[in-house]
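Every heavy atom of this structure was used, including side-chain atoms; hydrogens, water molecules and symmetry mates were not. In the text below, chain A, chain B and the rest are named by the order of the sequence lines, each starting its count at 1. Just so you know, these numbers come straight off a predicted model, no measurement behind them.
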Amino acid sequence: MNLFADIRALVLTNLAAMVEAGELPADLATQNVTVEPPRDAAHGDMATNAAMVLAKPAKMKPRDIAEVLAKRLAEDDRITSAEVAGPGFLNLRLAPVVWQGVVGAVLEAGTDFGRSDLGAGKKVNVEYVSANPTGPLHVGHTRGAVFGDALASLLDFSGHDVTREYYINDGGAQVDVLARSVYLRYLEAHGQEVAFEDGTYPGDYLIGVGEQLKAKVGDALVGKGEQFWLAEVREFATDAMMDLIRDDLSALGVKMDVFYSEKSLYGTGRIEAALDDLRSKGLIYEGVLEPPKGKKPEGWEPREQTLFKSTDHGDDVDRPVMKSDGAWTYFAPDIAYHYDKIQRGFDALIDVLGADHGGYVKRMKAAVSALSDGKVPLDIKLTQLVKLFKDGQEFKMSKRAGTFVTLRDVVDEVGPGVTRFMMLTRKNDAMFDFDLDAALEQSKENPVFYVQYAHARVTSVLRKANEAGVAVDHATLAGADLSKLDHEAELALAAKLAEWPRLVETAARTNEPHRVAFYLYDLAGVFHGLWNRGNELPELRFLQDDTATSQAKIALARASAVVIAAGLGILGVEPAEELR
RNA sequence: GGACCAUUAGCUCAGCUGGAUAGAGCGCUGCCCUCCGAAGGCAGAGGCCAGAGGUUCGAAUCCUCUAUGGUCCGCCA
C-alpha cells in the first residue's frame with residue numbers, strides 16, 4: 001500500500017472524468033502529475049501539481065483546472081477538503097480514517113509494510129567491497145561494504161532479485177607481492193632474519209599466515225627459488241586473506257552470495273571471448289595513445305598497444321586492454337568479468353567502488369554499454385573517504401595493521417550496528433568525518449541512539465501495558481478501534497508512517513540507501529515529539545484508563561516500531577529492545 | 001591540460017530527480033523540571049543555496065562558464 005500512489009490514482013481518475021465531461025482536452029500527458037507531501041504542513045496533507053502541469057498543453061489557466069478538479073476530488077470520502085493555492089497547487093486534506101487505516105495496514109503487513117514491486121523481479125547484481133585479497137579490510141572498505149549491503153537490501157525490499165557479489169582481485173601483481181611477503185614470514189617462522197623492503201606488505205597480520213604455511217609444508221620451501229614456491233604460496237596466502245576478509249565482513253554482518261575470482265578468467269578463454277565480442281563490433285584496434293597534457297609522466301614514450309574504442313560509448317579517450325609487452329592490463333579481466341555478469345542474465349549492474357576509482361567509471365560504463373548493446377545499465381556508486389575521529393583527534397593507527405585503521409578497529413570501538421547506521425548518515429559521494437565518541441553518545445545528537453531509543457520506548461510501553469493487564473498481542477492490536485486515534489499529533493505520526501512506502505521507492509530508484517537512515521531519524525523525531533507531548537497532555541499518553549483507547553494508541557506506537565524495525569532491517573541494524 | 005565529485009545557517013549535514021515562506025542536529029538567546037513519561041521540552045535569532053549567465057508558469061535542483069576543495073589521468077589493481 002502506498003497512500004501517495006492511491007491518491008495520485010484518484011487524481012488521474014478524476015482528470016480522465018474531466019476529459020470525458022469535456023472540461024479538459026483529450027490526450028494530455030499526465031506522467032508529470034505528482035502527489036506529494038507539501039513542505040509546509042499548513043498547506044494540508046498532500047498537494048498535487050496537476051493543474052500547473054496540464055495548463056499549458058490544455059491551453060487553460062492552471063487555477064481554472066484546479067477549481068474543477070478540486071470540486072470533483074472533494075466528493076471522495078477520503079478527501080475532506082481540496083483547496084487551490086498559489087500558482088495552481090491543489091492542497092488536499094485527508095480524513096482521519098485514512099491515517100488510521102495506515103496504522104492498520106502497518107500492523108497487518110508487519111515489517112513487509114513498504115515492500116514494493118517497483119523492481120518487478122528484475123535481476124540486479126550489486127558488486128561491492130571487492131578489496132584486494134592482501135590484507136584485512138580497512139575503513140574505506142567498511143563504508144563500501146555498508147553502503148553496498150544496504151543498497152542490496154533496499155533493492156530487494158523494492159522488488160528486485162538481488163545478487164550480492166564480491167570480485168576477488170587474485171590475478172594481478174599484488175598477489176605476487178602478497179606471496180613474497182608471506183614467504184618472508186614463513187622464513188621468519190623458521191627462525192631466519194628477514195627484511196621487508198619496499199614493495200612488500202609488512203603488516204603483522206601475515207605473521208600467522210607464515211606460521212600456518214610452516215605447519216603445512218614444514219621446511220620444504222626454505223632456500224628454494226621463487227619459481228618453486230610462488231604459485232603455491234600465492235594460493236595459500238590468498239585463501240588465508242579471503243578467510244580473513246570473510247571474517248571481517250561477517251563481523252559487520254555482511255553476507256555475499258557470490259565470490260567471483262579474477263584468476264578464473266585467465267587461461268580459460270574468457271578474457272579472449274569478451275574481447276572477441278568487442279572486436280566483432282569493431283571496437284578493438286592497435287594504436288598509440290597521446291600523453292596526458294599538462295603533466296608529462298617521466299619517461300613517457302609513444303607505444304603501440306591494443307586499445308578499446310571506449311570513446312564510441314561516451315569515454316574521453318580510448319583505453320588500453322593489453323600492455324606493450326603483451327600482458328593484459330587490469331582493464332581486460334574487468335571487461336571479461338562484466339561480460340560474464342551480462343551473460344548470467346542480469347538486467348542491471350551496480351558497482352560500488354572507492355572514490356579513488358573515479359577515473360575508471362566512464363571506461364567501465366563504455367565497456368558494459370558496448371558488450372550489452374546498451375541493454376544492461378551499469379550504475380557505479382563511488383563512496384568517498386572516511387576520516388575517523390576519537391577523543392577529538394583523527395584516529396589513524398591500528399594495533400593490527402600498523403598503518404591503517406581496519407574494519408575491526410571500528411567495529412570493536414562502536415559495534416556493527418552503530419558502524420552501519422553512522423556510515424549511512426551521509427550521501428555516498430560526500431566525505432564523511434566519523435566521530436567514534438559521538439556515535440556512542442546517548443543524546444539526540446546521535447542519530448543511531450535517537451532511532452533506537454524510539455524503538456525501545458515502544459517496547460517499554462508494551463511491557464507496561466502487559467503489567468497493567470492490557471492485552472497488546474498482535475491480534476488484539478490489529479483489531480483495535482483505530483477511530484480513537486483522533487488527535488492531530490497522533491494523525492501526524494500516522495502520516496509519517498504513510499511516507500515510508502514512497503520513501504523506499506525513491507531511495508531504490510536513486511540507489512541511495514542513506515535516505516532510509518534520514519527518514520528513520522525523522523520518524524523517530526515525530527514519535528518522540530508525540531511522546532513528549534504526553535508530559536503536558538495526559539490524553540496523549542499511550543496508556544489510558546480505558547482499555548480500548550490504550551489499545552488504539554499502542555497500535556500506533558507498535559506500528560511506528562514496526563516501520564523502524566523495517567528500516568533498520570534494510571540498513572542491517574538490529575532494533576534495540578531496551579537501552580542501557 | 002582533461003575527467004569525475006563536492007560547495008546550502010557560525011559548525012556538521014539533509015533537501016523526496018523542477019514546486020509554495022529552503023530544513024534538521026549542534027552552538028547561540030529566552031522560557032520550562034518538588035511529583036505524575038525531562039538520559040529533556042517549547043520558542044526565537046541565524047541564508048545572496050560559491051559566483052555569473054541561460055532554460056520555463058516556477059530553479060538549491062536542469063544547461064553553460066567561472067572560482068574554491070577533493071579524487072583520478074599508459075607501462076599499479
B/S/- contact track for nucleotides 2-13 of chain B, protein heavy atom under 4.0 Å:
-SSSS-----SS
For every nucleotide of nucleotides 60-68 of chain B, 5' to 3': is a protein heavy atom under 4.0 Å from its base (B), only from its sugar-phosphate (S), or from neither (-)?
B--------
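Under the ring-ring contact (aromatic ring centres under 6.0 Å, His included) criterion, no residue pair touches residues 36-67 of chain A, with sequence neighbours excluded. For residues 421-449 of chain A, the set of pairs meeting the ring-ring contact (aromatic ring centres under 6.0 Å, His included) definition, not counting sequence neighbours, comprises A:F432-A:F434, A:F449-A:Y453. For residues 317-336 of chain A, the salt bridge (charged side-chain N to carboxylate O under 4.0 Å, His left out) pairs, not counting sequence neighbours, are A:D315-A:R319. Screening residues 419-429 of chain A for salt bridge (charged side-chain N to carboxylate O under 4.0 Å, His left out) gives A:D149-A:R420 as the qualifying pairs, with residues at least two apart or on separate chains.
Residues satisfying the side-chain contact (heavy atoms from CB on, under 4.5 Å) test with A:A355, not counting sequence neighbours, are A:Q384. With sequence neighbours excluded, the residues forming a side-chain contact (heavy atoms from CB on, under 4.5 Å) with A:D176 are A:R180, A:L230, A:R234, listed by chain and number. With sequence neighbours excluded, no residue forms a side-chain contact (heavy atoms from CB on, under 4.5 Å) with A:K56.
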Dot-bracket for RNA chain B, please, read 5' to 3', with Watson-Crick or G-U wobble pairs under 3.5 Å on both distances, ( ) within the strand, [ ] crossing, | other strand, . unpaired.
(((((((..((((.....[...)))).(((((.......))))).....(((((..]....))))))))))))....
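Dashed line: the shortest gap from a side-chain N or O of A:H357 to OP1 or OP2 of B:rC76 is not under 4.0 Å.
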For nucleotides 30-35 of chain B, tabulate all protein N/O to nucleotide N/O atom pairs closer than 3.5 Å, reporting atom names and distance.
none

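Aromatic ring centres of A:Y450 and A:Y521: separated by under 6.0 Å.
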Name each donor-acceptor pair under 3.5 Å that joins a side chain in residues 492-504 of chain A to protein atoms two or more places apart or in another chain, with its distance.
unit_1 : atom_1 : unit_2 : atom_2 : d
A:K496 : NZ     : A:E499 : OE1    : 3.3
A:K496 : NZ     : A:D522 : OD2    : 3.4
A:W500 : NE1    : A:F113 : O      : 3.0
A:R502 : NH2    : A:E36  : OE1    : 3.4

